[in-house]
Amino acid sequence: MSKVNTVLGAIPTEELGVVAIHEHIGYGMPGSELDTKWWKTPERQYEETVPKLRQFHEYGGGTFVDATGICNGRDVDYYKSLSAKTGVHIVACTGFVGGDTALAHFARASVEYLTRQFVHEITVGIGDTGARAGIIKVGVSRGGRMTDLDKRIYRAAARAALATGVPIMTHLAIDAENAIAIFAEEGLPLDRVLFGHVDDGVNFDKTRDTWIAEQGGRIGFDTFGYETELEDPPFWARPRKERLDHFLRFIGQHLDKALASADANCSPLGWPGVKGHTVNYIFEDLFPDLRAAGVDEATITKLFVDNPAEFLSIRN
Ligand SMILES: [Zn+2]
C-alpha cells in the first residue's frame, strides 16, 4: 500500500481525497517575521487560517499541500494543530522556494549538505516536530535563469527524492532545460517532478509546458485565481479566460500530466496578500468554470484526486 507523509503521520494514498497541490498556510520572505509592520500574532494567524481550512473541508477538500520551503515561515507544529482542528490533511515540504529565499547558512551549503538536510526532514522529521516532509520544493530564483545555488538545490533534491521516494515540486518551470539536465544526470524519472507555475501571467509564454510533459514531467497550473480582473491584481496576474483556455488546451493533450491549484496564502506573512483569494477558489470558481467549459466529473476527479495521489505517493 502506498503512503504519503502528512504532518500528523503517513497516511494511505487513498485517504488523500481532493488535493490542493500547491498552497500556503503562510508565506513570507526570510526576515519578514522580524518586521513589526507585518508581524502577526499567532492568534491572528490562527483566526485567519482556520475558517479557510474548515471551508475547504466542508467543500470536500481532503489534502492541502503546503509549498512553503525552509526560511519562508514554515511552522510545522502550527500546521499539526491546524490539521488536527480542521480534519484537513496537510503535507509539509522540505527544500527551498528558490535559491534567493535561502538564508546565508544554506546559501553556502554543498549539494551533500543540502541532500542530508532534505533526507533528514523526510525520514526523521522537521526540527523536533516529529513531522516528516512529504515533498521537496525547489525553484528558479528571480531573474529567470537558474543560479548556481538553484542548481545545487535541484541536484540535492533529486538525490533526496531518489533516496526517499518523495516527489519534487518546482517554483516556476522556466529554464527547464537546465533542471531536466540535472534530473537526468541524477537518474530521477521526470514523473517525480511537478513543474509549477506554468500558467502565471509573467512566465507562461516562456514556459515549455508541452515539451516538459512530452519528456514525462508533470505540469502545474497552480496560480488559478490571480486574475487581471481583480481590483488590485498582483504582477503575475493573467486574464481569467486566457488561463482557463490554456489549461483546457493542455488537458486535452496531456491530462495524465496535469495538476492544478490556487497558490493562495491562508495568512500571508510579511506582505498584504491578495485580498479574498483562498484555497477555496478551487471549489468556488475553478470547478464551476471547468464544468461550464464542458469538463466532466471523471476528468475533475482525475485532476484533483488521481493525479495528485499518484504523484505524492512515496515510491519505493
Ligand atoms: Zn506558492
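These numbers come from the heavy atoms of this one structure, side chains and all, not from hydrogens, waters or symmetry mates.
Checking Lys40 against Ser267 by side-chain atom types alone, a donor-acceptor pair falls below 3.5 Å. Ser141 and Asp150 form a side-chain donor-acceptor contact under 3.5 Å, judged by distance and modelled atom types alone. With hydrogens and angles left out, the side-chain atoms of Ser261 and Glu23 include a donor and acceptor closer than 3.5 Å. Looking at Glu284 and Tyr59, their side chains do bring a donor and an acceptor atom within 3.5 Å of each other. Side-chain contact check for Thr13 and Ser313: at least one donor-acceptor pair (N or O, by modelled atom type) lies under 3.5 Å. Using modelled atom types and a 3.5 Å distance limit, the side chains of Thr68 and Asp66 yield a donor-acceptor pair. Judged purely by distance below 3.5 Å, without hydrogens or angles, the side chains of Thr223 and Asp200 never pair a donor atom with an acceptor atom. At a cut-off of 3.5 Å, with distance as the only test, a side-chain donor of Asp222 or His197 sits close to an acceptor on the other residue. No hydrogens or angles considered: nothing links the side chains of Thr170 and Tyr154 as a donor-acceptor pair under 3.5 Å.
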Would you sort out whether Leu8 and His89 count as a side-chain contact (heavy atoms from CB on, under 4.5 Å), showing the intermediate values? CA-CA 8 Å; Leu8 294 181; His89 299 302; over 6 Å; no
Verify side-chain contact (heavy atoms from CB on, under 4.5 Å) between Phe287 and Ile300, making sure each step is shown before the conclusion. CA-CA 8 Å; Phe287 284 8; Ile300 291 177; 3.9 Å; yes
Can Val88 and Ser83 be said to form a side-chain contact (heavy atoms from CB on, under 4.5 Å), step by step? CA-CA 5 Å; Val88 174; Ser83 179; 5.6 Å; no
Kindly determine whether Ser32 and Trp271 satisfy side-chain contact (heavy atoms from CB on, under 4.5 Å), including the steps that lead there. CA-CA 8 Å; Ser32 62; Trp271 64 304; over 6 Å; no
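Interatomic distance, Trp39 CH2 to Thr36 OG1, rounded to the nearest 0.5 Å: 10.5 Å. In this structure, OH in Tyr27 is found 4.0 Å from CG in Asn72, a value given to the nearest 0.5 Å. Expressed to the nearest 0.5 Å, how far CE of Met29 lies from CG of Asp35 amounts to 13.0 Å. Residue Thr164 holds its OG1 atom at 8.5 Å from CG of Asn5, rounded to the nearest 0.5 Å. Here the CD1-OG1 distance, from Ile282 to Thr278, works out to 8.5 Å after rounding to the nearest 0.5 Å. Between atom CD of residue Gln45 and atom OH of residue Tyr78 there is a gap of 5.0 Å, rounded to the nearest 0.5 Å.
When the side chains of ILVMFWY residues are joined at heavy-atom separations under 4.5 Å, either directly or via intervening members, Phe96 and Leu103 end up in two distinct hydrophobic clusters. By the rule that hydrophobic residues join a cluster once side-chain heavy atoms approach within less than 4.5 Å of another member, Val97 and Ile182 end up as members of separate clusters. Under the 4.5 Å side-chain heavy-atom criterion for grouping Ile, Leu, Val, Met, Phe, Trp and Tyr, Met146 is not connected to Val202 through any hydrophobic cluster. Val119 and Leu162 end up in different hydrophobic clusters when Ile, Leu, Val, Met, Phe, Trp and Tyr side chains are linked at under 4.5 Å. Hydrophobic cluster membership is shared by Ile126 and Tyr113, with clusters built from Ile, Leu, Val, Met, Phe, Trp and Tyr side chains linked at under 4.5 angstrom.
Between Phe106 and Ile70, the closest side-chain pair of non-hydrogen atoms falls below 4.5 Å. Looking at Phe118 and Val166, their side chains never come closer than 4.5 Å, going by heavy atoms from C-beta outward. Between Ile25 and Phe64 there is a side-chain heavy-atom pair separated by less than 4.5 Å. Residues Thr210 and Glu214 form a side-chain contact, since some pair of their non-hydrogen atoms from C-beta on lies under 4.5 Å apart. Within the 4.5 Å cutoff, the side chain of Tyr46 has heavy atoms near those of the Ser81 side chain. Considering only heavy atoms from C-beta on, Phe183 comes within 4.5 Å of Leu190 through its side chain. Arg44 places a side-chain heavy atom less than 4.5 Å from the side chain of Thr41. In this structure, the side chains of Thr86 and Val50 come closer than 4.5 Å at one or more pairs of heavy atoms.
Ion pair Glu227/Arg243 not flagged as a salt bridge, since none of the NZ, NE, NH1 or NH2 atoms sits closer than 4.0 Å to an Asp/Glu carboxylate oxygen. For the pair Asp245 and Lys241, the salt-bridge criterion is met [side-chain N within less than 4.0 Å of a carboxylate O]. Taking a cutoff of 4.0 Å between a charged side-chain nitrogen and a carboxylate oxygen, Arg116 and Glu112 do not qualify as a salt bridge. At a threshold of 4.0 Å, the pair Arg74-Glu121 counts as salt-bridged, since one of the basic side-chain nitrogens sits closer than that to a carboxylate oxygen.
For an aromatic pair to be called close, the ring centres must be under 6.0 Å apart, and His22 with His171 fails this. Checked against a 6.0 Å centroid threshold, the rings of His246 and Phe221 count as neighbours.
Under the 3.5 Å distance criterion, the side-chain polar atoms of Tyr226 are matched with a main-chain donor or acceptor of Asp263. Within the 3.5 Å criterion, the main-chain N or O of Ala184 finds no donor-acceptor partner in the side chain of Glu186. Between the side chain of Arg152 and the backbone N or O of Ser110, no donor-acceptor pair lies under 3.5 Å. Proximity of a side-chain donor or acceptor of Thr115 to a complementary backbone N or O of Val111 within less than 3.5 Å is detected. A distance-only check finds no donor-acceptor pair linking the side chain of Lys137 to the backbone of Cys93 [under 3.5 Å].
When all heavy atoms of Leu230 and Pro234 are compared, the closest pair comes out as CD1-CD, 4.2 Å. When all heavy atoms of Leu149 and Gly99 are compared, the closest pair comes out as CD2-O, 3.4 Å. The two atoms that bring Phe250 and Asp209 nearest to each other are CE1-O, 4.0 Å, heavy atoms only. Residues Asp175 and Gly144 come closest through the heavy atom pair CB-O, 3.8 Å. Gly217 approaches Phe195 most closely through the heavy-atom pair CA-CE1, 4.1 Å. Contact detail for Ala173 and Val198: the closest heavy-atom pair is CB-CG1, 3.8 Å.
The cationic group of Arg238 lies under 6.0 Å from the six-membered ring centre of Phe204 and within 45° of the ring axis, placing it in a cation-pi geometry.
Residues in residues 287-297 take part in these salt bridge (Lys or Arg N to Asp or Glu O under 4.0 Å) pairs, two or more places apart or across chains: Arg240-Asp289, Arg291-Glu297. Pairs engaging residues 301-316 under the salt bridge (Lys or Arg N to Asp or Glu O under 4.0 Å) rule: Asp191-Arg315, Arg218-Glu310, Asp256-Lys302 [sequence neighbours left out].
Each of Arg208, Lys206, Arg145 was compared with Glu177 under the salt bridge (charged side-chain N to carboxylate O under 4.0 Å, His left out) criterion, and only Arg208 meets it.
Grouping Ile, Leu, Val, Met, Phe, Trp and Tyr by side-chain contacts under 4.5 Å, direct or through others, puts Leu16 with Val4, Ile11, Val19, Ile21, Val65, Val91, Ile135, Met169, Leu194, Leu259, Phe311, Leu312.
Few gaps surround CD on Glu229; more than 12 heavy atoms of other groups in view lie less than 6.0 Å from it.
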